[in-house]
Asks: 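Below is one structure. I have some questions about it.
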Amino acid sequence: MFSLVSFFGFTILVAFIAYYASRNTNENSSEGYFLGGRSLTAGVIAGSLLLTNLSTEQIVGLNGSAFENGLSVMAWETLAAIAIVVTALYLLPRYLKSGLTTIPEFLANRFDVTTKTITSILFLTGYVVVLLPVILYSGSVVLSGMFDVPSLLKVTKEQSILICVWGIGLIGSIYAVFGGLKAVAISDSINAVGLLVGGILIPIFGLFYIGNGNIIDGISTLMINNSDKFSSLGTDNSPVPFHTIFTGMMLVQLFYWGTNQQIIQRALGAKNLKEGQKGLLLASFLKILGPLIVVLPGIIAYHIFNGNISNIDDAYPMLVNKVLPKPLLGFFAAVIFGAILSSFNSVLNSSVTLFGIDVYKQHINPNADEKTIVTYGKLFGVVLAIFAMIIAPLIANADSLFDYLQEINGIYSIPILSIIVIGFTTKKVPAIAAKIGIILGSIMYIISQFILKPLVFGEENYLHFLDIMAILFILNICIMLLVGKLYPRKDDYIQEYTRKVDISPWKYSKRIGLLICAIVVFIYIYFA
């Protein structure tokens, strides 16, 4: 009973604070609803970025992967720090210079409206078919396991997952659709503190458990008895072979942190470039600590349960139930619930933004005022949420939740990243090249991963999906450059400064960025 009271108490408190802090924001304007009135500060940006990223598809999926494969999967966390540094120093100044609300807006300015529309539709398709259902399903697995919902409600495990999916989806929809970005970002920031505290407590209690009350003995026992799990390099059979760090891994990270609407929208809402860079670099540093929350618990679970778990995605919920003191269960469940809501409502808010700005205003009702755009965006968000809640239970049989998510994302991540890179680094490549790049890139990846790999070459005889991403990225770039050579633009592209925010850089940004990159390299060398 105490667990349930603390769970609901903390959840309601966060909702109240988010409402109170965002009550004066004009939610009827595009900038007010979609970008929090361009008023977000460094702490809010960093907290929102952290919690948008660090949800249960990370906590459950990556810890499950670490349970099976060890420390090598930390690449998904530690290398993110470098990608965020690149975003802070190179991409964000250009985004804020153009006063962007969405990433596809840049593509409309650089190429044409059709390129923007295709990109927005790809984003939206990926969100509703892949990302939102994965967030809902993984969150439901955790909450169902932590509260033992099947026993509590006298239902089957499948029914409990369904109940949790719709509960999370409905509450998350209220946050995202009716609260706007500022409410989402503020609730994220509060939950981020709780997630850092609660997330680090799990491995601490786990090490106390292994060491019979002595954390030093716990660390020693864990590392001695599972030395093969503590290699940053991994093996050729691991989900992240070391060589893929230099092929598709960095491309995936750059797409996610530098061009993915659900992530970069927080930085686009910065009050100025200095605050945006500070927020991104703070988030970058916190990502270095990520493996303590999303990798180490998986290795601890492997030791405690002797590697015997039927479904690796159950490793984290089982560990929490095993080592977390019962009085803290409600608080931690509330924090996890906040993390689930954060990722869900962040993706949903970004989807509403993409639809309202890039689809409804552009193609359905060009004369719509800002209030109408926001209204129809909200209606679209409700429909999208319902679709995601229907699809979520259908992914229960995915072998590894996190690997499944990353591989499927390649359908749209690499094509979108390639046209954005071309857009920023060239002046003569025309719109037709971008359209060819994004459509052909998606088709080639689908053929590679879902026809050639399973039906022609076989799973064991095919390149890793991260290598495929790198190959297709280079091929896509070459095709677009060739088209640009044959059919160049008449006039060079010149980026305009809209002066919506001050774009003076933070004077310490380069030094802090280099320090963060050096720390990442040191970690890899130390655990090699």
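Positions are given from 1, in the same order as the sequence printed here.
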Asks: Report the distance from atom OH of Y316 to atom CZ of F67, rounding to the nearest 0.5 Å.
Replies: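 Answer rounded to 0.5 Å: 15.0 Å.
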Asks: Does either side chain, that of Y493 or that of T426, offer a donor lying less than 3.5 Å from an acceptor on the other one?
Replies: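 Side-chain D/A pair, Y493 to T426: absent.
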Asks: Do the rings of Y412 and F255 sit parallel, tilted or perpendicular, given the 30° and 60° boundaries?
Replies: perpendicular
Asks: So do W257 and K287 actually touch side chain to side chain, heavy atoms under 4.5 Å?
Replies: yes
Asks: Checking S442 side chain against I438 main chain: does a donor-acceptor pair fall under 3.5 Å?
Replies: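 Yes.
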Asks: May I ask you to decide if L280's main-chain N or O and S284's side chain share a donor-acceptor pair within less than 3.5 Å?
Replies: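 Answer holds: no.
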Asks: Any idea which heavy atoms bring A283 and A46 closest together, and the distance?
Replies: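 Shortest heavy-atom contact: N-CB, 4.0 Å.
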Asks: Nearest 0.5 Å please: distance from the NZ atom of K278 over to the CG atom of L273.
Replies: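 Between atom NZ of K278 and atom CG of L273 there are 10.5 Å.
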Asks: Please table the atom pairs, donor to acceptor, closer than 3.5 Å between any side-chain atom in residues 470-484 and protein atoms at least two apart or in another chain.
Replies:
residue : atom : partner : partner atom : Å
N476    : ND2  : S418    : OG           : 2.8
N476    : ND2  : G437    : O            : 3.0

Asks: Examine distances only and state if a side-chain atom of S140 and a backbone atom of V165 form a donor-acceptor pair shorter than 3.5 Å.
Replies: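 Judged by distance alone, yes, a pair lies under 3.5 Å.
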Asks: Is the closest side-chain heavy-atom distance between F355 and S120 below 4.5 Å?
Replies: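 No; the side chains remain at least 4.5 Å from each other.
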Asks: Going by side-chain hydrogen bond (donor to acceptor under 3.5 Å, both in side chains), name the residues that satisfy it together with T117, two or more places apart in sequence or in a different chain.
Replies: H363
Asks: So, taking the atom named NZ in K229 and the one named CG in L296, what distance separates them when rounded to the nearest 0.5 Å?
Replies: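 Result: 13.0 Å between the selected atoms.
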Asks: Rounded to the nearest 0.5 Å, what separation is found between the CD1 atom of I419 and the CZ atom of R110?
Replies: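 I419 atom CD1 to R110 atom CZ measures 10.5 Å (nearest 0.5 Å).
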Asks: Examine distances only and state if a side-chain atom of Q277 and a backbone atom of W506 form a donor-acceptor pair shorter than 3.5 Å.
Replies: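 Looks like yes, one N/O pair under 3.5 Å.
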Asks: Can you tell me if Y487 has over 12 outside heavy atoms packed within less than 6.0 Å of its OH?
Replies: no
Asks: For the pair F242 and Y524, evaluate side chain to side chain contact (heavy atoms under 4.5 Å, CB included) and give the outcome as yes or no after the intermediate values.
Replies: CA-CA 10 Å; F242 181 67; Y524 261 89; 4.1 Å; yes
Asks: Report the residues that fulfil side chain to side chain contact (heavy atoms under 4.5 Å, CB included) with D112, sequence neighbours left out, ordered by chain and then residue number.
Replies: T114, T115, A431, K435
Asks: Roughly how far, to the nearest 0.5 Å, is OG1 of T125 from CD1 of I411?
Replies: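 Between I411 CD1 and T125 OG1, I get 10.0 Å after rounding to 0.5 Å.
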Asks: Is the side chain of E68 donor-acceptor paired with the backbone N or O of G307 at a distance under 3.5 Å, no angle test?
Replies: no
Asks: Check whether any side-chain N or O of S65 sits under 3.5 Å from a backbone N or O of L62 as a donor-acceptor pair, and report yes or no.
Replies: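 Not confirmed, S65 side chain does not pair with L62 backbone.
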Asks: Is a donor on one side and an acceptor on the other found under 3.5 Å between the side chain of N272 and the backbone of E275?
Replies: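 Answer holds: yes.
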Asks: Relative to the ring of Y95, is the ring of F424 parallel (under 30°), tilted (30 to 60°) or perpendicular (over 60°)?
Replies: tilted
Asks: Would you find more than 12 non-hydrogen atoms of other residues, nucleotides or ligands less than 6.0 Å from Y508 atom OH?
Replies: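 No, OH of Y508 has 12 or fewer neighbouring heavy atoms, counting only those of other groups under 6.0 Å.
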Asks: Please lay out, stage by stage, how V85 and C517 fare under the test side chain to side chain contact (heavy atoms under 4.5 Å, CB included).
Replies: CA-CA 8 Å; V85 169; C517 293; 4.3 Å; yes
Asks: Taking ring pair (Phe, Tyr, Trp, His ring centres under 6.0 Å) as the definition, give me every residue that meets it alongside F111, ordered by chain and number, with sequence neighbours left out.
Replies: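 By the ring pair (Phe, Tyr, Trp, His ring centres under 6.0 Å) rule, F111 matches no residue at all.
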Asks: Can you find a heavy atom in the side chain of T259 that is under 4.5 Å from one in the side chain of I264?
Replies: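 Side chain of T259 against side chain of I264, heavy atoms only: no contact under 4.5 Å found.
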Asks: Would you say L384 and F380 make side-chain contact, with heavy atoms under 4.5 Å?
Replies: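 When only atoms from C-beta onward are counted, F380 and L384 do touch, with a gap below 4.5 Å.
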Asks: Please tabulate, one pair per line, all N/O donor-acceptor pairs under 3.5 Å involving side-chain atoms of residues 449-457, not counting sequence neighbours.
Replies:
residue : atom : partner : partner atom : Å
Q449    : NE2  : E407    : OE2          : 2.8
K453    : NZ   : E407    : OE2          : 2.7

Asks: Is a side-chain N or O of K116 found less than 3.5 angstrom from the main chain of I103, in a donor-acceptor match?
Replies: no
Asks: Considering residues at least two apart in sequence or located in another chain, which fulfil the salt bridge (Lys or Arg N to Asp or Glu O under 4.0 Å) criterion with K361?
Replies: none
Asks: Counting distance only, does the side-chain N/O of R489 pair as donor-acceptor with the main-chain N or O of V429 below 3.5 Å?
Replies: no
Asks: Do I263 and Y256 pass the side chain to side chain contact (heavy atoms under 4.5 Å, CB included) test, and can you show the C-alpha distance, the side-chain angles, and the key distance before you say yes or no?
Replies: CA-CA 7 Å; I263 292 294; Y256 184 83; 3.5 Å; yes
Asks: How close do T244 and P241 get, counting heavy atoms only, and between which atoms?
Replies: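 Closest approach of T244 to P241, heavy atoms only: OG1-O, 2.5 Å.
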Asks: Answer yes or no: is there a donor N or O on one side and an acceptor on the other, between the side chain of N63 and the main chain of I293, under 3.5 Å?
Replies: yes
Asks: To the nearest 0.5 Å, tell me how far E105 CD sits from T119 OG1.
Replies: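 Going from the CD atom of E105 to the OG1 atom of T119 covers 12.5 Å.
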